[in-house]
Amino acid sequence: MADGSAVENSGRMTADDFNPFPDSLEELGIEPESQPAPQGEDPLLADLTPPQREAVVFGDGALLVLAGPGSGKTRVITRRIAHLVNRGVPPWQICAVTFTNKAAGEMRARVGQLLGTAGPDAVAPEPPRGLIVSTFHSLCARLLRRHVDLLEIPGLTPTYAIYDMTDQRSLMKRIIKNAGLETGTWSPRNVLGAISTAKNELMDAKQYAQNAGDFYTRTIAKLYENYERDIRRANAVDFDDLLMLTVRVLATSEEARLSVSGRFKHLLIDEYQDTNRAQFVIASLIAQREDGSRPNICVVGDPDQSIYGWRGADISNILEFEKHYPGASVVKLGQSFRSTQKIIQTADELIRHNTQRKHKDLYTERPEGDAINVTHCIDERHEAQIVGAWLREKRDKHDLAWGEMAIFYRTNALSRTLEDEMRVTGMPYVIARGTAFYERGEVKDVLAYLRVVANPSDDVSLRRIVNKPTRGVGATTLTRIDMLATQRGMTLMEGLVEAAQGKVEGVSPRAVKALDRFLTIMGNWTGEGSFMGADISSSLSELVDRVITESGLETHYQKLADKHAEAVDEDKVENLYEVVAGAKQFEREYDASADMTMDPSLGNDEIEATIDEAPAPPLLAMLRAYLESVSLVADADAVDPTQGAVTLMTLHAAKGLEFPAVAIVGMEEGLLPHSRSRDSSSELEEERRLLFVGVTRAEDHLLLTNARTRTHHGMSERTIKSQFFDELPPAHVEINDLAGGWGGGTSQSGWDTGKAIDDGEQRFVPDPEFASPGDLDADGLPAIGTRVRHPQFGDGVVVAVVRGMDAKAKIDFGRVGVKTLILRYARLEFL
DNA sequence: ACCGGTGCTCTCTAT
DNA sequence: GAGCACCGGT
């Protein structure tokens, strides 16, 4: 990768965790682990510390590994898997669960390497066939696909779609409106949040309704019921359903549970501190032994790195593991092989400020290392420049590659300024946002077509494409059909079929014709539903290719590009073909056996046979598997240190990774800790753990920055530096104040600038360096803190500025309050 | 039915 | 600063 080019890392998911093995492990950025072992000693154990070794060789039963950051937990899991296989456990009886597809892929590659007897010029050894290394959601999607019929939920079949947040919102929005409620007071986001929490605690709509007392929860209960009704009618499940319905399958069907628990004799779970109630139950049900013997369950995690409480993660799963599994053994790994002493001690000092925690000693034998660099910056652009300069210095002076550095932030919105800076200065960068590619409109269009092909009931996808490209089926037509369909309890697709036959009143002849054409195209792809028609594509990528051309999407986007002649529109056409390419790659890498062996009717011999030679899957099965893998792509899957670029990502996505140099930006009250955690000490502690995770990703160099003013809501606002700065050990920190001092303490909560100004705190006294009278910037806008006089409101202070055509300033006029004025019109006098 | 413009709202993390 | 609902012109 040449300097100056930004890498667009789509993180396009291929055959998810099937077998995308690279030619060499170095390509994946994985260091070969095996080292020459002393004669006679097991090479799997040779370079391990005593506690690591204990965890690897631990026999049957329950094992909890409490692993501090950088203590080699991935190493322990992979060695343990390899050790089990060497001990004679058939690989297909082992199931390991990780947090991301990426982590699963790497773990599988490492196990393959450990077990391979490859000589110097042999190709990279493959992991043992049949070994399952997967994420909870992938595993559940696959299990559910095989067993869903056992649930006997009307409308839910193995071709179900997986609805992401956008799909859910669009569905919920319609439900709220249909219920006669305002989407303002009842925001889809909040309603779905409540439903998600309920599902994570395994509470279905009925149970939720039974517990609903007040008006608010009763309304949510009603919406929950309607949501369930509609998502089932669409033959779809959401992310939480994948877990909840898997629990239901395993809990209600003896056959399903026995087929899973009978197969997986060893269960290993990574990042156990982030499991929720549903995941805990799934693990218990899989691990449960029929003969009453002790479950072979090995969980690895670190309570101090629990950062998904907001998503239902229940830290007591790991804290009370010994209670759940009496007689469980515990191994503690406290020694870090990753970070320098200063970084470890800084992280340790920080996390000690959490009161709700069991202390764990962290230590390292690595060198003392550099001091942690804390730099206070003027604004976010300055901050981006500082980070850029710091990274460049790391490359020049410490000989680091771009791929060995990363920038973390609390919210995705912060990436923009950093991107701009890196583009301008020609520093190669990658944003770890695996879902980004699939969030593009044109890509969603193609996928929506494919989803409807696989599952005609998929209401949300059908609405998206029925008139895209425009074919004369407008809002009026659709409303008519929708009303009829709802009345008769049909799916929207069934309504369209009626309408195309001219059976729906109020649908114009023109629209009837358009619908007929639309349905004919769809029918051609699916072989009229049989998926085996004469005119049907034989391969997945061929189908995708046909969908793009025959739907009219290609022409539509090509016309757009011709009309505007802009790169953005050209990209859209390119992206359509990228989907075809992705499908082709999926085809090549898809291992059907992983799906086939989930069949509960298979005996051990049959599983072995299927693993050895899985039959080619029919097109529909292939399409399902492809859509499923696409739905389950995670942002962190896009992390690839071999791309020769600096990686930008959220602190959440950084979990489990490590880099020689790490910069964490936006260390401000309201951002880190986030404003939403202000009123809750447990949430504040989670914010602290989030920073702890970020800090402990660093091997050698760490930079922490904040900006004195930051653009927020399109407004430039004054900030307060993060209270976490005060929790770092001064001896290890080197402070670099480039923002000209910070008036006032950090203990005040005052993220809202307007409110804070009203309390007259000293910190808002304009800094002379920035608020010198009449001080205007390059855009002719007053700096924050500038004193102004208004003929009507009197004297005031600029507290925020909005750039753009109609530049506005938020001005605090004391008694009169804070006003937002359009600078062009405001009769302002600068003092 | 479609398209472009304007004005409004809400703004975290993510499988 | 983006996504959206709404409105008026074609």
Side-chain angles (χ1 to χ4, degrees), chain A residues 13 16 97-104 134-141 162-166 168-170 173 177 183-184 187-190 192-193 196 199-200 237-243 271 274-276 278-279 307-313 408-417 432-436 439 441 467-478 508 510-511 514 560 563 628-637 649-655 666 670-678 683 686-687 689-691 693-694 711-716 802-806:
Chain A
M13 201 46 205
D16 106 334
V97 181
T98 64
F99 215 67
T100 64
N101 297 303
K102 179 88 179 167
S134 180
T135 66
F136 263 110
H137 286 86
S138 285
L139 180 70
C140 288
I162 300 173
Y163 273 8
D164 66 16
M165 209 169 52
T166 322
Q168 292 183 63
R169 279 194 191 165
S170 124
K173 201 171 183 181
K177 280 183 180 165
T183 48
S187 82
R189 192 181 131 71
N190 288 345
L192 286 166
S196 175
K199 287 188 176 180
N200 285 329
V237 300
D238 60 30
F239 284 122
D240 302 315
D241 285 332
L242 287 175
L243 305 178
E271 309 281 14
D274 283 323
T275 52
N276 62 26
Q279 289 163 326
I307 55 175
Y308 282 104
W310 51 274
R311 216 168 78 180
F408 304 151
Y409 34 78
R410 178 65 228 270
T411 70
N412 283 306
L414 295 193
S415 74
R416 198 176 209 95
T417 324
R433 224 173 131 59
T435 51
E439 281 165 7
N467 199 33
K468 190 150 196 178
T470 47
R471 45 174 71 91
V473 185
T476 324
T477 307
L478 215 56
S508 69
R510 235 185 85 184
L560 208 72
K563 197 163 121 196
E628 178 185 296
S629 78
V630 162
S631 298
L632 298 178
V633 169
D635 283 345
D637 293 337
M649 68 185 109
T650 62
L651 284 160
H652 283 91
K655 191 175 73 165
L671 262 181
L672 187 61
H674 196 270
S675 53
R676 296 284 282 255
S677 70
R678 202 192 293 182
E683 285 175 46
E686 182 152 312
E687 295 292 306
R689 290 195 292 269
L690 194 52
L691 178 58
V693 166
T711 308
H712 208 236
H713 311 192
M715 290 224 209
S716 177
V802 192
R803 287 168 199 284
M805 273 297 286
D806 269 338

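Throughout, a chain's letter reflects where its sequence line sits, starting with A, and its residues are numbered from 1.
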- Task: For A:Ala278, check side-chain contact (heavy atoms from CB on, under 4.5 Å) against everything at least two apart and list the hits.
- Result: A:Leu202, A:Leu243, A:Val247, A:Asn276
- Task: Would you give a per-nucleotide map of nucleotides 4-10 of chain C, 5' to 3', where B means the base has a protein non-hydrogen atom under 4.0 Å away, S means only the sugar-phosphate does, and - means neither?
- Result: -S-----
- A:Asn276 side chain near B:dT15 phosphate (N/O to OP1/OP2, under 4.0 Å): no
- What does A:Thr100 touch in the nucleic acid at a heavy-atom separation under 4.0 angstrom: a base, only the sugar-phosphate, or nothing? nothing
- Message: Could you measure the distance from the CD atom of A:Gln168 to the CG atom of A:Leu192? Nearest 0.5 Å is fine.
- Response: 5.5 Å
- Got a sec, which residues hit side chain to side chain donor-acceptor pair (under 3.5 Å) with A:Ser170, two or more places apart in sequence or on another chain? none
- Taking only the side-chain nitrogens and oxygens of A:Ser138, find out if one of them lies under 4.0 Å from OP1 or OP2 of B:dT15. no
- Message: The criterion is side-chain contact (heavy atoms from CB on, under 4.5 Å); which residues satisfy it with A:Thr476, sequence neighbours excluded?
- Response: none
- Touch check for A:Asp240, heavy atoms < 4.0 angstrom, all strands: base, sugar-phosphate only, or nothing? nothing
- Message: Any base atoms under 4.0 Å from A:Thr477, or only sugar-phosphate, or nothing? Heavy atoms, all strands.
- Response: sugar-phosphate
- Partner set under salt bridge (Lys or Arg N to Asp or Glu O under 4.0 Å) for A:Glu439, not counting sequence neighbours: A:Arg433
Please list each protein N or O that sits under 3.5 Å from an N or O in nucleotides 12-14 of chain B, with the distance.
unit_1	atom_1	unit_2	atom_2	d
B:dC12	OP2	A:Arg189	NH2	3.4
B:dC12	O4'	A:His674	NE2	3.0
B:dC12	O2	A:Arg410	NH1	3.4
B:dC12	O2	A:Arg410	NH2	2.4
B:dT13	OP1	A:Asn412	N	2.6
B:dT13	OP1	A:Asn412	ND2	2.9
B:dT13	O2	A:Trp310	NE1	3.0
B:dT13	O2	A:Arg410	NH2	2.7
B:dA14	OP1	A:Thr650	OG1	2.7
B:dA14	OP2	A:Asn412	ND2	3.2

- Query: Taking only residues two or more places apart in sequence, or in another chain, which ones meet A:Ser631 in a side chain to side chain donor-acceptor pair (under 3.5 Å)?
  - Reply: none
- Query: Is there side-chain contact between A:Thr98 and A:Thr135, with heavy atoms separated by less than 4.5 Å?
  - Reply: yes
- Using ring-ring contact (aromatic ring centres under 6.0 Å, His included) as the criterion, list what pairs up with A:His652, not counting sequence neighbours. A:Tyr308, A:Trp310
- Please give, in whole Å, the distance from B:dT15 C1' to A:Lys655 NZ? 11 Å
- Task: Could you tell me the separation between the CZ atom of A:Arg416 and the C1' atom of C:dG1, rounded to a whole number of Å?
- Result: 8 Å
- Mapping A:Thr476 and A:Ala636 to their closest nucleotides on DNA chain B, which lands nearer the 5' end? A:Thr476
- Set of residues satisfying side chain to side chain donor-acceptor pair (under 3.5 Å) with respect to A:Tyr163, sequence neighbours excluded: A:Asp458
